[in-house]
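Reminder, nothing fancy here: chain letters follow the sequence lines and each chain counts from 1.
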Amino acid sequence: MPELPDVEYYRIYLTATALHKTIARVEVRAPRILEGVTERRLRSVLAGRAFQSARRHGKYVFAAIEGGEGGWLVMHFGMTGRLSYFKDIGDDPKHDRFLIGFENGYFLAFVNQRKFGHVALAMSPEAFAEAKGLGPDALSIGREEFAVRLGERRGGAKATLMNQKVLAGIGNIYADEILFRAGVHPKTPVNTLDEETLGTLHAVMGDVLHTAIAAKRRCEDFPGSYLLPHRHEGGVCPLDGTPLETITISGRRTYFCPTHQSDERE
DNA sequence: GGGTAGACCCGTGCCC
DNA sequence: ATGCAACGGGTCTACC
């Protein structure tokens with residue numbers, strides 16, 4: 001479930017479980033998830049150190065490595081994944097691709113079923129975001145910058161919201177939710193949106209992300225007016241029961257309500 | 001030439 | 001056994 005709200009929850013989870021604990025061992029079980037780093041290098045950077053703090057930018061989690069050469073451990077979950085902190089190695093979750101063992105006997109697992117995720121090292125979250133060409137984080141970006149960055153694009157609203165170079169953190173599910181709540185058709189060219197609509201989009205984006213983060217912490221409890229619970233075959237608009245329509249955008253299935261998100265392109 | 005969109009691909013598991 | 005679709009993103013191509 002790794003879009004911004006999910007990843008923010010993992011950041012909170014990592015902060016609550018894995019900080020200030022000396023790392024005793026490191027094990028890579030699926031080398032393909034390593035990006036620009038070897039298991040040997042990870043071991044030498046992490047062994048005997050501890051994580052000091054955790055941050056997030058878009059769909060990436062960063063854990064600061066205290067002592068030694070410093071640096072940050074970077075994690076991205078791809079389409080599937082989560083973190084799991086546990087005590088008994090017998091409770092090691094399925095699809096554990098990267099395992100950190102602490103001196104206290106506990107473990108932190110990077111769980112990633114489809115192996116589309118990545119583990120890397122970076123000098124800083126800022127340097128990493130810069131090197132990747134990531135746009136500003138969707139939860140940090142201000143209304144003005146949001147309007148400017150979208151305004152200079154020609155693409156459709158959904159494709160642009162999901163473009164990590166424009167802003168970082170929005171994926172398929174939350175792009176649909178934001179556009180539904182803002183009443184914008186997913187194919188509307190963003191450079192045709194007026195100032196007011198861009199402002200609405202920015203405000204709705206913040207609301208949706210904050211609500212989703214809270215829902216994750218409460219274990220998936222979304223307001224009834226949200227599109228998300230209805231986002232399935234045969235789903236209907238939570239506002240008036242209109243059958244939802246589906247189209248494909250950027251290779252992703254897109255759900256929208258044809259009455260609340262009219263196609264301005266006619 | 002850059003921005004954009006679509007096709008395809010990368011493990012894995014589930015449905016039929 | 002096969003096909004398929006999945007909360008991501010990279011590459012390639014065609015098109016403007």
Discussion item. Quick one, A:Asn163 with A:Thr160, criterion side-chain hydrogen bond (donor to acceptor under 3.5 Å, both in side chains). Give me CA distance, side-chain angles, the key distance, then yes/no.
Written reply: CA-CA 5 Å; A:Asn163 184 340; A:Thr160 305; over 6 Å; no
Salt-bridge test for [X] and [Y]: reply yes if a basic N is under 4.0 Å from a carboxylate O, no otherwise.
X        : Y        : result
A:Lys132 : A:Glu130 : no
A:Asp92  : A:Arg29  : yes
A:Glu8   : A:Arg55  : no

Within this structure, what is the [atom1]-to-[atom2] distance between [X] and [N], rounded to whole angstrom?
X        : N      : atom1 : atom2 : result
A:Arg149 : B:dG3  : CZ    : P     : 12 Å
A:Met162 : B:dG6  : CE    : P     : 11 Å
A:Met79  : C:dG10 : CE    : P     : 14 Å
A:Ile247 : B:dA5  : CD1   : P     : 12 Å
A:Asp176 : C:dG8  : CG    : P     : 11 Å
A:Asn163 : C:dG8  : CG    : P     : 13 Å
A:Lys165 : C:dT11 : NZ    : C1'   : 12 Å
A:Tyr9   : C:dC7  : OH    : C1'   : 17 Å

Worksheet item: Looking at B:dG6, B:dG3, C:dA6, which one has an atom nearest to any side-chain atom of A:Arg153?
Response: B:dG3
Response to the item:
The nucleotide from B:dG6, C:dG9, C:dG8 with an atom nearest the side chain of A:Gln164 is C:dG9
Dump every N/O contact between nucleotides 11-15 of chain B and the protein below 3.5 Å, one line per pair.
| unit_1 | atom_1 | unit_2 | atom_2 | d |
| --- | --- | --- | --- | --- |
| B:dG11 | OP1 | A:Arg32 | NE | 3.4 |
| B:dG11 | OP1 | A:Arg32 | NH2 | 2.5 |
| B:dG11 | O3' | A:Lys115 | NZ | 3.4 |
| B:dG11 | N7 | A:Arg114 | NE | 3.0 |
| B:dG11 | O6 | A:Arg114 | NH2 | 3.3 |
| B:dT12 | OP1 | A:Lys115 | NZ | 2.1 |
| B:dG13 | OP1 | A:His95 | NE2 | 3.4 |

Discussion item. Please determine whether salt bridge (Lys or Arg N to Asp or Glu O under 4.0 Å) holds for the pair A:Arg25 and A:Glu27, giving the CA-CA distance in whole Å, both sets of side-chain angles, and the decisive distance to 0.1 Å.
Written reply: CA-CA 7 Å; A:Arg25 52 181 276 222; A:Glu27 194 178 322; 2.7 Å; yes
Worksheet item: Do you see a donor-acceptor pair shorter than 3.5 Å between the side chains of A:Ser225 and A:Arg181?
Response: yes
Fill in: Flag for A:Asn172-A:Lys158: side-chain donor and acceptor within less than 3.5 Å
yes
Item to complete: Answer with yes or no after comparing the ring centroid distance for A:Phe128 and A:Tyr60 against a 6.0 Å cut-off, counting only values under it.
Response: yes
Worksheet item: Using the P atom in both, what is the distance from C:dG3 to B:dC8, to the nearest Å?
Response: 15 Å
Worksheet item: Are A:Leu108 and A:Val7 connected, step by step, through hydrophobic side chains (Ile, Leu, Val, Met, Phe, Trp, Tyr) whose heavy atoms are closer than 4.5 Å?
Response: yes
Fill in: Worked check of side-chain hydrogen bond (donor to acceptor under 3.5 Å, both in side chains) between A:Tyr10 and A:Lys59
CA-CA 10 Å; A:Tyr10 302 156; A:Lys59 302 174 187 174; over 6 Å; no
Worksheet item: Looking for any heavy atom pair under 4.0 Å, which part of the strands does A:Gly156 touch: base, sugar-phosphate only, or nothing?
Response: sugar-phosphate
Item to complete: Determine the contact category for A:Ala159: base if any of its heavy atoms lies under 4.0 Å from a base atom, sugar-phosphate if only primed atoms, P, OP1 or OP2 are that close, otherwise nothing.
Response: sugar-phosphate
Practice prompt. Would you tell me if any nitrogen or oxygen in the side chain of A:Arg252 comes within less than 4.0 Å of OP1 or OP2 on C:dA6?
Written response: no
Item to complete: Whenever both distances are under 3.5 Å in a Watson-Crick or G-U wobble pair, mark it; put DNA chain B into dot-bracket that way, with [ ] for crossing pairs and | when the partner is on another strand.
Response: .|||||||||..||..
Practice prompt. Answer syn or anti for C:dG9, where the cut-off is 90° from 0 on the glycosidic torsion.
Written response: anti
